[in-house]
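Order of listing sets the numbers, starting from 1, for every ligand and every atom in it. Quantities reported herein were computed from a predicted structural model and do not represent experimental measurements.
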Amino acid sequence: MKTLVVFGTRPEAIKLFPVVRALAARPGLEVVTCVTAQHRGLLDQVLAIAGLTPDIDLDLMEPGQTLDRLTARLLTGLGEVMDRTKPDRVLVQGDTATAMAGALAAYYRRVPVGHVEAGLRSGDIYHPWPEEVNRRMIAPIADLHFAPTQTAADALARENVRAGVQVTGNTVIDALHWTRERIAADPSLAAGLDTIAERFAGKRIVLVTTHRRENFGGGMEAIARAIRRIAAMPDTAVLFPVHPNPNVVSVMDAALGDLANVARLEPLDYPHFIRALSLCHLALTDSGGVQEEAPALGKPVLVMRETTERPEGVAAGTAKLIGADEDRIVSEVSTLLGDKAAYLAMARAHNPYGDGRASERIAGLVADGFGL
Ligand code: UDP
């Protein structure tokens, strides 16, 4: 029985490579991987580390393409792939345009869809935009919903999606475990950070990532000003792998120049990013995935967003929603750096997002669905 796994961006690749491995390990299951390359460079970094060569590569990234054009090309391209490969099931992950178009193209062909990381909801269709609606549109199409947490399963139940919902854990924790084991066995995989670890030895490192559309423009400028002020705090340094989106790069280049105490880096591959997260004192981010990884490593995470579809970290006390206001960012970071009790209250390792065995469960459920 043939499962077509479709993905296009860095977070999808990180969260699906363990699933592809688990599916491939099951006798009787044939796995075909198709990447849309909605994000070319960032996707390729993950494929290289995971040792995954996609069977089909649609290479659809175009600089500055509109969401309409991207979605239209994804739908047509993925439809053609499905006509050619004739899968018995399609798997999509998360909330990207690739996931939404993949589910829709499968539906048009009456091919059943499994949704990995189903049921996340912020409740606001413009935060995250357009991801909240991408994710919601997959729900009525999928017949297997792999909810990472009970909260996600409950959100689906509120939309009357109950059949085929299973709480599996989030596969990002599987990817994190796998990668940490690889680094432990071969530290050279993340040795590119040796110089920075030396340069910032004895300082508290604030790891920053930002790329959300909602923060483009004024939000990015506020974040850049906040970073300048954070870098001036005593015994503090900023480690900032900058997302290649021009809306991020242009603002950060202009605002941060060659500021001492700020290491502005190209996007890190996954082992290097996980090492950066392990080195840091706290993370300041608007990313979804980082909100899931930081609690697993016991790192406080300040989330530069107004809402989150990942409330578990907030409920557990490791994550805090702070928005993208300059003064608020500076004051929240300053509290964590200056107030030991406040820091320790947030710095507890726990795993609201999974136990590292989500992919195994998902592969088992896909196999069960085929009666294998
Ligand atoms: N990440 C990475 N290198 C970086 C920054 C992030 O490998 O330089 C990883 C991070 O560990 C997480 C994922 O990329 O698993 C998050 O991707 P992103 O923030 O682009 O997307 P989101 O999770 O917000 O959808």
Heavy-atom distance to [atom]: which of [options] wins?
atom                    : options                     : result
atom 23 (O) of ligand 1 : Gly94, Pro241, Gly289       : Gly289
atom 15 (O) of ligand 1 : Arg310, Glu293, Gln45       : Glu293
atom 1 (N) of ligand 1  : Arg305, Lys15, Arg10, Glu12 : Arg10

Inset, instruction - Please step through side chain to side chain contact (heavy atoms under 4.5 Å, CB included) for the pair Val248 and Val242, ending with a clear verdict. - result: CA-CA 7 Å; Val248 185; Val242 182; 3.8 Å; yes
Legend entry - Inter-residue atom distance Leu29.CG - Thr3.OG1, 0.5 Å rounding: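 Answer rounded to 0.5 Å: 5.5 Å.
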Inset, instruction - Measure the spacing between NE2 of His243 and OG1 of Thr209 and express it to the nearest 0.5 Å. - result: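 Rounded to the nearest 0.5 Å, the NE2-OG1 separation comes to 8.5 Å.
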Inset, instruction - Would you check if the side chain of Asp174 reaches a backbone N or O of Ser359 as a donor-acceptor pair within less than 3.5 Å? - result: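 Judged by distance alone, yes, a pair lies under 3.5 Å.
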Legend entry - Within-shell test, Arg212 vs ligand 1, heavy atom, strictly < 4.0 Å: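 Within the 4.0 Å threshold, so yes.
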Distance to 0.1 Å, residue and atom name: give those for the protein heavy atom nearest to [atom].
atom                    : result
atom 25 (O) of ligand 1 : Pro11 CG, 3.5 Å
atom 16 (C) of ligand 1 : Ser287 OG, 3.6 Å
atom 22 (P) of ligand 1 : Gly288 N, 3.5 Å
atom 9 (C) of ligand 1  : Ile14 CD1, 3.6 Å
atom 18 (P) of ligand 1 : His211 NE2, 3.5 Å

Inset, instruction - Would you mind reporting whether Val35 and Glu12 have side-chain heavy atoms less than 4.5 Å apart? - result: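 Not in contact.
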Inset, instruction - Flag the pair Val303 / Gln291 as yes when at least one side-chain heavy-atom distance between them is below 4.5 Å, and no otherwise. - result: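 The answer is yes, as the side chains (C-beta and beyond) meet within the 4.5 Å cut-off.
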Pair [X] + [Y], salt bridge at N-O below 4.0 Å:
X      : Y      : value
Arg69  : Glu62  : yes
Arg328 : Glu332 : yes
Arg121 : Asp95  : no

Legend entry - ligand 1 contact on Leu268 by region, counting heavy-atom pairs under 4.0 Å: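 For Leu268, the contact with ligand 1 is made by both the backbone and the side chain.
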Inset, instruction - Examine the proximity of ligand 1 to Phe273 and report which part, side chain or backbone, both or neither, has a heavy atom under 4.0 Å away. - result: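 It is the side chain that gets close, since no backbone atom is under 4.0 Å.
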Legend entry - Test of proximity, Thr209 against ligand 1: N or O pairs below 3.5 Å: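 Between Thr209 and ligand 1, no N or O pair is found under 3.5 Å apart.
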Legend entry - Proximal atoms of ligand 1 relative to Pro267 (non-hydrogen, under 4.0 Å):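 Near Pro267, the atoms of ligand 1 are 8 (O).
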